[in-house]
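Following: one structure in C-alpha cells, then a few remarks.
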Amino acid sequence: MIRSLTPSLRRAPDRVPAPVMLLIGMFTLHTGSALAVTAFAHAGPATVTWLRLTWAALLLLLLGGPSLWRAVRAASRRELGSVVILGTASAGMMLFYSEATARIELGTATSIEFLGTLVVAVAAMRRRRELVWIVAAVVGVLCLTRPWLGELDLVGVGFALAGAVCVVGYIVLTQKVGAGFSPVHGLALTMTVGALVSAPLGAPAVFAAPDPDLILFTLGIALLFPMVPFLLEMMALQRMSRTAYSTFSSMEPGASLIMGLVVIGQSPALVQVAGMALVVVAGVGATRGDSARPVVPEEPEPGRRGPGEPDAAAREPEPAREPEPEPAPAGDRRALATASARSGASSAAP
C-alpha cells in the first residue's frame, strides 16, 4: 500500500494547482497547531514538537522505502548539506512556534512569524506594482497583532520572531532540496534531521515519564502538522515564484485565526477579522498577478531523455565544429542556473 501511494504523490502536482495545495496545507497545518496547544497541558511544547517530528520522520522514511536510500547515495554533498540545514531550520521553526503558541494566541503567533515570509517576498520583489499587496499584508498583520494594546507576552513574541527567522531559512532552502530530491524523499530526510536536532530538548521528558495517550495523540497531530502541510508546500514551491509563494502565505494568519476559533475557542476581535480580510486580499492579489514557472530546471541525467526530447539513437548527428577558443567552464554555467533559481522553504511553516 505504501508503494502504491508514492506514484500518486508524484502525479499530484500535475493535477492540483499550487495555490490550492498551499491552502489545503495551511488549514491542515493550523488545525494541527491548534490541537497541539491542547497537548501543552500534558507536556511541554518542546516535548510535543519532538514527538510530532519523530512520528513524521518515521512515517516518511517508511513511505520513501528503498528508493529513498538510493536517492541519498546518489546525492551530492551540497544537496545533503542543504537537507541538514533545512531540517535544522524546520525544527527551529516548529519549536519556536510551539513555544510562542503556548504563551500567545495562535493567530498572533502566526502573524508575527509571517514577518519572515514577508522579508523573503520583499527581497524577491521585481515588479513595483506588487508592492501594494505587501503593504496590504503588513497592515493586515498589524490589525491581527494589535500591538497598540500593550498586552502581548514579550517572551511569546520573542519566540515567534525567532520562528520568523527560521521561516526565512525554510523558504530559501526548501526549493533547493526539492530540486535535488522528490517531495517525499526531501521531506523524509528533512524531518529526520529535525527530529534528531530537537531530540535533546524533547526526548528526555518522554523517556523519563512515558505517556502512551500523548504519544498516540501526537501521531495524529504529526499527520496534520508537519507531514501533510510540509509535503504540499515542498511540491507547491517547485511550481510558484518565491514572491507569489511568500505573499500568498500571508493568508496564514487568517487560517490560524479561524482554526484557533474553531478548535480551541480563541475568539478574534473585530479589528482582527478586518486584518484577516486584508491579508487574504493581499495573498489572492499577488497570486493572480503571478505567472512565473519553476526556475530550477531539472537537468536530465546522462543517457536519459528530457520531456519531449527524441531518443539519442533518433537524433541526427551534429555537424563537426571547430572547438571554441575559450569554452565556458561547467561551474560558470551552473552558477548562472543557480543565480536565476528561486530559493524556496516553507514554517514553515512554514
Side-chain angles (χ1 to χ4, degrees), residues 1-6 9 24-66 68-69 87-106 109-110 156 159 163 166 184-185 187-233 256 259-266 347-350:
M1 181 174 178
I2 292 292
R3 288 182 181 178
S4 66
L5 283 173
T6 306
L9 287 170
I24 295 171
M26 276 180 211
F27 281 95
T28 304
L29 183 153
H30 292 296
T31 301
S33 297
L35 289 173
V37 171
T38 66
F40 296 159
H42 307 282
T47 300
V48 173
T49 301
W50 176 73
L51 284 169
R52 288 156 61 194
L53 282 167
T54 302
W55 277 122
L58 291 173
L59 291 169
L60 286 162
L61 288 173
L62 182 62
L63 189 63
L68 171 61
W69 309 116
T88 304
S90 299
M93 185 171 64
M94 289 184 62
L95 284 167
F96 289 132
Y97 182 73
S98 294
E99 292 286 354
T101 55
R103 294 166 172 82
I104 59 180
E105 290 183 350
L106 203 66
T110 307
F159 277 123
C166 293
V184 172
H185 292 168
L187 191 58
L189 296 173
T190 299
M191 291 296 99
T192 300
V193 172
L196 292 173
V197 168
S198 59
L201 298 173
V206 175
F207 289 110
D211 184 344
D213 292 337
L214 176 66
I215 292 170
L216 288 175
F217 184 61
T218 53
L219 168 60
I221 299 177
L223 293 172
L224 296 173
F225 178 38
M227 185 172 165
V228 171
F230 280 13
L231 187 60
L232 290 173
E233 281 190 1
S256 180
M259 299 320 298
L261 171 65
V262 172
V263 179
I264 52 180
Q266 294 180 343
S347 90

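Along the sequence shown, residues carry numbers from 1.
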- Query: If every non-hydrogen atom of P210 is compared with every non-hydrogen atom of P212, which pair is closest and at what distance?
  - Reply: O-CD, 3.8 Å
- Task: Please identify each residue that fulfils side-chain hydrogen bond (donor to acceptor under 3.5 Å, both in side chains) with E99, with sequence neighbours left out.
- Result: R103
- In sequence, state the C-alpha distance, the side-chain angles, and the governing distance for M227 and W55, and then conclude on side-chain contact (heavy atoms from CB on, under 4.5 Å). CA-CA 9 Å; M227 185 172 165; W55 277 122; over 6 Å; no
- Message: If you compare all heavy atoms of T110 against all heavy atoms of S256, which two are closest, and at what distance to 0.1 Å?
- Response: OG1-OG, 2.8 Å
- Distance, nearest 0.5 Å, that separates CE of M191 from OG of S198: 9.5 Å
- Message: Please enumerate all residues that pass side chain to side chain contact (heavy atoms under 4.5 Å, CB included) together with A203, with sequence neighbours excluded.
- Response: W50, A199, F207
- Task: Taking all non-hydrogen atoms of both residues into account, name the closest pair between T101 and A109 and its distance.
- Result: CG2-CB, 3.8 Å
- Task: Calculate, to the nearest 0.5 Å, the distance between atoms NE2 and CG belonging to H42 and D211 respectively.
- Result: 8.0 Å
- Task: List in chain and number order the residues that pass side-chain hydrogen bond (donor to acceptor under 3.5 Å, both in side chains) with S90, two or more places apart in sequence or in another chain; answer none if no residue qualifies.
- Result: none
- Under the side chain to side chain contact (heavy atoms under 4.5 Å, CB included) rule, collect the residues that match up with F96, sequence neighbours excluded. F159, A162, C166
- How would you list all residue pairs meeting salt bridge (Lys or Arg N to Asp or Glu O under 4.0 Å) that involve residues 24-39, not counting sequence neighbours? none
- Item | Pairing residues for T28 by the side chain to side chain contact (heavy atoms under 4.5 Å, CB included) criterion, not counting sequence neighbours | I24, L224, V228, P229
- Message: I'd like to know whether W69 forms a side-chain contact (heavy atoms from CB on, under 4.5 Å) with L61, so could you lay out the CA-CA distance, the side-chain angles of the two residues, the decisive distance to 0.1 Å, and finally the verdict.
- Response: CA-CA 9 Å; W69 309 116; L61 288 173; 4.0 Å; yes
- Message: Quick check against the 3.5 Å criterion: does E105 have a side-chain atom that pairs as donor or acceptor with the backbone of Q266?
- Response: no
- Query: What is the minimum heavy-atom distance between I264 and A34, and which atoms define it?
  - Reply: CG2-O, 3.5 Å
- Item | Verdict with supporting geometry, F217 and L35, side-chain contact (heavy atoms from CB on, under 4.5 Å) | CA-CA 9 Å; F217 184 61; L35 289 173; 4.3 Å; yes
- Quick one: CZ on R52 to CG on L223, what's the gap to the nearest 0.5 Å? 11.5 Å
- Note on the structure: To the nearest 0.5 Å, atom CG of L231 lies from atom CG of L63 at 8.0 Å
- side-chain contact (heavy atoms from CB on, under 4.5 Å) evaluation trace for L189 with L68: CA-CA 9 Å; L189 296 173; L68 171 61; 3.9 Å; yes
- How long is the gap from OG1 on T88 to CE on M93, to the nearest 0.5 Å? 12.0 Å
- Query: Sequence neighbours excluded, which residues qualify as side-chain hydrogen bond (donor to acceptor under 3.5 Å, both in side chains) partners of T49?
  - Reply: S98
- Message: Suppose we screen for side chain to side chain contact (heavy atoms under 4.5 Å, CB included). Which residues come up paired with L216, at least two apart in sequence or across chains?
- Response: none
- What one should report as the nearest heavy-atom pair of A102 and F40 is CB-CD1, 3.7 Å
- Query: Minimum heavy-atom separation for T47 to A205, with atom names?
  - Reply: OG1-CB, 3.4 Å
- Message: Working to the nearest 0.5 angstrom, can you tell me the gap between L58 CG and L219 CG?
- Response: 9.5 Å
